[in-house]
Amino acid sequence: MSAQTRIQELTDRLNYYNDQYYQHSRSVVDDFTFDKLLEELQQLEAQYPELRQPDSPTLRVGGTISKEFPTVYHRFPMLSLGNTYSEADLIEFDNRVRKGLNGEAYEYICEQKFDGVALSMTYENGVLVQGATRGDGVRGDDITNNIRTIRTLPLKVTGRFAAGVADESTPPATPAAEPTPAIPSLFEVRGEGFLPLAEFERINREREDIGEPLLANPRNAASGTFKQQDSGSVAKRRLDCYLYSFLSDEAVFKTHEESLVRMAEWGFNVSPTWEKCADINAVMAYIQKWDTQRFTLPLNTDGIVIKVNRYDQQRELGFTAKSPRWAIAYKFKAAGASTTLNSVSYQVGRTGAVTPVAHLSPVLLAGTVVKRASLHNANEIARLGVMLGDTVFVEKGGEIIPKVTGVDLSQRTDAVQPITYPTECPACGTPLVRKEGEAHFYCTNDKHCPPQRQARFEHFIQRRAMNIESLGEGKIELLIDKGLVESPADLYDLTNEKLLGLEKTYPAAPLIHDDGSETPGKARTVKFGQKTVDNILSAIERSKSQSFANVLFALGIRYVGNTTADRLVAYFGSLDALMAAPLDTLAGVPDVGPRIAESAYAWFQDAENRQYIDRLRAAGLQFVSEKKQVAQESDSLAGKTFLYTGTFANFSRESLEERIAANGGKLLSGVSKKLNYLIVGENAGPSKVQKAQQLNVPMISEDEFVAMLG
Ligand SMILES: NC(=O)c1ccc[n+]([C@@H]2O[C@H](COP(=O)([O-])OP(=O)(O)OC[C@H]3O[C@@H](n4cnc5c(N)ncnc54)[C@H](O)[C@@H]3O)[C@@H](O)[C@H]2O)c1
Ligand SMILES: [Zn+2]
């Protein structure tokens, strides 16, 4: 292949990966592959400068701005970082720094390379006024509302301000050995927005519970979340942000170190993992230390960032078009090891999805012994071409369970055996099916397949559903085992006599030690004494007063999570109205699309589900919303349709919707010709406004809406 063709091909491919990564929060290839291709392109371009394409990804920061948010220009460009996977390159970097500084002494600050989304926040007189994405480095998306949902980010900074800014809340600074510099009236802080691992797992547990596809990884999830239009749903995912840079026209600090210390003092979330390193050897030691220790952090990191400490020296070294010359990122290769695949077992999940699990000869990986790894699904097994007895590569990413990423074919012997995927559910024997477009096989026996039945109970008793959590921790299992309950409706037939004295001993799960050896764990006995029974029965009794929205969520209809349940209840007010609704009415409910509507509609058509509801009704559960019964206030909005966008001074979303309904108006789910009024609040979504303009739908303000109420 000619250099010209290769350069063209690499340029196109990398631009495509960048677009997917930054615009659609999707990784088509892993970072290592991406970085190696970029490096190849860089080398080719250095060799044949005349062949470099004008849109080469080596020339610019990878992202762009989007149409969904207002565009803002960065006061200081937001650049990328040069990166390397090799220590030899770091030595070279150090040599370049030494040369660039003409033998002057220098120090480094080492930080974690947090794997999230670069954010820039502007503060005026101590108040957060703008938050933006990096975009193409020059311009970014204004996502201030979404950034405001980060709880650890101060909306207002308090402290001693530079002259001209009064801040009465703080006493005058006491003179100290090294006085705290005044906070400039205008400054920017930069950092990495991320989804903490615990939060990522919580969201995925919830999604699994209602059958939503899982988020692929925390970085892409964070990036997708920051780009959502509705900051209310952004707030539900508890994003966080570590700050690592301070920028101002005023020379506030002399070193990067000072800026980190002061930012933390001023209330910014600075990760305490940074260290000052006297030379490149100290940098290497820092890298070594964090190679495995990074897995103990609350977020994913993908390397170490090394920065020259003194600002004057940073200025001396300067920038390339794309990145600073005074900093470099050392990236860790995903932690990997190779071992033997001994067998494959199949787990049935809460939604009936069957997941193959690889059982491995124990191997040490990133500081822990690994015996099991995920194989994801049948497609993945075919793609890897893996067989029993093969030597496989396993990698640990951010996820708890490592994954099999490849086969070492050079180690394959004649003894390998094909992996035969089961055709029937390993838990209940039901033939497995594969839905159009899905990678997983499913067991469709959702009501009686043991793991699915168990999941159904766990869903039903959770706090945000029926709140019968005194049945947790193995007690449900016991009731099922003893044949006392088969469906959650059976819980309401339990009595003191049936429960008292029940007992079961669960065999111990073996303990796996760091060297891979196993010892038996402790067996566990669950026994129902009078106190336990009282707790259970009273929690069941109390659950009868849980709201209709909780009950609707507890039914466990696929895709109907808490938020959707709230929406449906607000719209229909009673289960009877909901069950009688035709499919397109359901699909027209705000925030309920065709996918959720179809799932709910089908669920209510099922005869067994209808019997289940009858039994719950007979037990006395709430199937009418109390809220919905608020009296009609007027018919001043009768026959008119509304939609709103943005936030309002006098209304929450719920109260606005209530007012519309209570005065005879109807809420629509999108801008269409049927819409009479779009109520436009602060920070309105530009797409709705644009569409309304195109269709000539009148737009009214909050005040105009209030006037219409009469
Ligand atoms: N897999 C894919 O398809 C794909 C596509 C595009 C990009 N990528 C990955 O993204 C990288 C390119 O992204 P990039 O241009 O943002 O470069 P980069 O992520 O390698 O480095 C720059 C970024 O690092 C972040 N960062 C984290 N911790 C930091 C700290 N302590 N100090 C300073 N910055 C810190 C900042 O967000 C900054 O913008 C590639 O090297 C590749 O690994 C992957
Ligand atoms: Zn099954």
Side-chain angles (χ1 to χ4, degrees), residues 13-39 42 57-58 60-63 77-85 109-120 133-137 140 190-194 216-217 219-220 222-223 241-245 256 259-260 270-271 273-274 299-307 322-324 326-334 346-354 422 424-433 441-455:
R13 250 170 89 181
L14 289 163
N15 282 340
Y16 169 71
Y17 295 152
N18 266 334
D19 179 63
Q20 288 294 315
Y21 189 74
Y22 292 105
Q23 272 19 75
H24 305 280
S25 306
R26 218 164 71 83
S27 304
V28 181
V29 292
D30 59 55
D31 288 359
F32 185 69
T33 310
F34 180 94
D35 292 335
K36 285 290 147 196
L37 292 173
L38 188 68
E39 193 182 322
Q42 251 154 2
T58 61
R60 67 190 81 229
V61 167
M78 287 183 81
L79 298 179
S80 180
L81 284 169
N83 72 48
T84 176
Y85 289 84
I109 299 293
C110 282
E111 290 165 20
Q112 302 297 310
K113 187 168 190 309
F114 308 111
D115 199 9
V117 183
L119 300 175
S120 181
T133 64
R134 192 176 70 176
D136 63 8
R190 289 188 178 161
E192 198 79 353
F194 64 93
N217 66 54
R219 195 221 79 102
N220 293 357
S223 150
C241 179
Y242 277 141
L243 286 311
Y244 47 65
S245 147
H256 181 52
S259 78
L260 292 175
V270 176
S271 166
T273 49
W274 64 273
L299 78 166
N300 279 349
T301 61
D302 61 346
I304 301 296
V305 183
I306 301 129
K307 301 174 181 171
K322 203 181 158 183
S323 49
W326 45 264
I328 191 167
Y330 174 86
K331 300 236 260 185
F332 293 116
K333 279 193 209 90
Y346 299 87
Q347 275 182 354
V348 185
R350 315 170 66 82
T351 53
V354 175
E424 288 164 4
C425 172
C428 75
T430 304
L432 297 179
V433 296
F441 281 94
Y442 282 87
C443 165
T444 53
N445 181 16
D446 58 334
K447 296 185 193 76
H448 308 289
C449 178
Q452 295 189 68
R453 182 181 50 196
Q454 170 89 21

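Numbers here simply count residues along the sequence, with the first being 1. Counting convention: from 1, in listed order, for ligands and their atoms alike.
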TODO: Would you check, one step at a time, whether the test side-chain contact (heavy atoms from CB on, under 4.5 Å) holds for Tyr244 with Phe114?
DONE: CA-CA 10 Å; Tyr244 47 65; Phe114 308 111; 4.2 Å; yes
Open item on the list: I'd like to know whether Phe332 forms a side-chain contact (heavy atoms from CB on, under 4.5 Å) with Lys113, so could you lay out the CA-CA distance, the side-chain angles of the two residues, the decisive distance to 0.1 Å, and finally the verdict.
Closed with: CA-CA 10 Å; Phe332 293 116; Lys113 187 168 190 309; over 6 Å; no
Open item on the list: Walk me through whether Tyr17 and Thr33 qualify under side-chain contact (heavy atoms from CB on, under 4.5 Å).
Closed with: CA-CA 11 Å; Tyr17 295 152; Thr33 310; 6.0 Å; no
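Here the SG-CZ distance, from Cys428 to Arg453, works out to 9.5 Å after rounding to the nearest 0.5 Å. To the nearest 0.5 Å, atom CD of residue Glu424 and atom CG of residue Leu432 are 7.5 Å apart. Summarising the geometry, atom CG belonging to Asn83 is positioned 4.5 Å from atom CG belonging to Asp35; distances are rounded to the nearest 0.5 Å. To the nearest 0.5 angstrom, Lys331 atom NZ is 7.5 Å from Asp115 atom CG. Rounded to the nearest 0.5 Å, atoms CH2 (Trp274) and NE2 (His256) are 8.0 Å apart. The CG atom of Leu38 sits 11.5 Å away from the CG atom of Asp31 when rounded to the nearest 0.5 Å.
Taking any N or O of Val117, backbone or side chain, none lies under 3.5 Å from an N or O belonging to ligand 1. For Tyr17, no nitrogen or oxygen atom sits less than 3.5 Å from a nitrogen or oxygen atom of ligand 1, counting backbone and side chain alike. Checked by distance only, ligand 1 and Phe114 come closer than 3.5 Å through their nitrogen or oxygen atoms.
Of all the heavy atoms in Ala427 and Val348, the pair that sits closest is CB-CG2, 4.0 Å.
Using a 4.0 Å cut-off to heavy atoms of Asn18, the atoms of ligand 1 that qualify are 6 (C), 7 (C). Atoms of ligand 1 found under 4.0 Å from any heavy atom of Ser80, numbered from 1 in the order shown, are 14 (P), 15 (O), 17 (O). Residue Ala118 has at least one heavy-atom neighbour below 4.0 Å for each of these atoms of ligand 1: 37 (O), 39 (O).
Protein heavy atom nearest atom 31 (N) of ligand 1, with residue, atom name and distance: Glu111 OE1, 2.7 Å. Among all non-hydrogen protein atoms, the one lying nearest atom 37 (O) of ligand 1 is Glu192 OE1, 2.4 Å. Considering only non-hydrogen protein atoms, atom 29 (C) of ligand 1 sits nearest to Tyr244 CE2, 3.4 Å. Taking atom 4 (C) of ligand 1 as the reference point, the nearest protein heavy-atom neighbour is Tyr21 CD1, 3.4 Å. Among protein heavy atoms, the minimum distance from atom 43 (O) of ligand 1 is reached at Lys331 NZ, 2.7 Å. Here the heavy atom of the protein found nearest to atom 2 (C) of ligand 1 is Val29 O, 3.5 Å. Among protein heavy atoms, the minimum distance from atom 41 (O) of ligand 1 is reached at Asp35 OD1, 2.4 Å. Counting only heavy atoms of the protein, atom 39 (O) of ligand 1 lies nearest to Arg134 NH1, 2.8 Å.
The SG atom of Cys449 and the SG atom of Cys443 meet at the Zn ion (ligand 2) at an angle of about 110°, given to 10°.
Residue Gln20 places every heavy atom at 4.0 Å or more from ligand 1. Ligand 1 has Asn83 within reach: a non-hydrogen atom of the residue lies less than 4.0 Å from it. By the 4.0 Å heavy-atom criterion, Tyr22 is counted among the residues contacting ligand 1. The closest approach between Lys307 and ligand 1 falls below 4.0 Å for a heavy atom of the residue.
Under a 3.5 Å cut-off, the side chain of Lys322 and the backbone N or O of Pro57 do form a donor-acceptor pair. Under the 3.5 Å distance criterion, the side-chain polar atoms of Gln452 are matched with a main-chain donor or acceptor of Cys443.
Of the residues listed (Leu119, Leu299, Thr301), the one engaging Tyr242 in a side chain to side chain contact (heavy atoms under 4.5 Å, CB included) is Leu299, and it is the only one.
Residue contact annotation: Cys425 places an N/O/S atom under 2.8 Å from the Zn ion (ligand 2).
Taking only non-hydrogen atoms, the option from Glu39, Lys113, Arg13, Arg60 nearest to atom 19 (O) of ligand 1 is Lys113.
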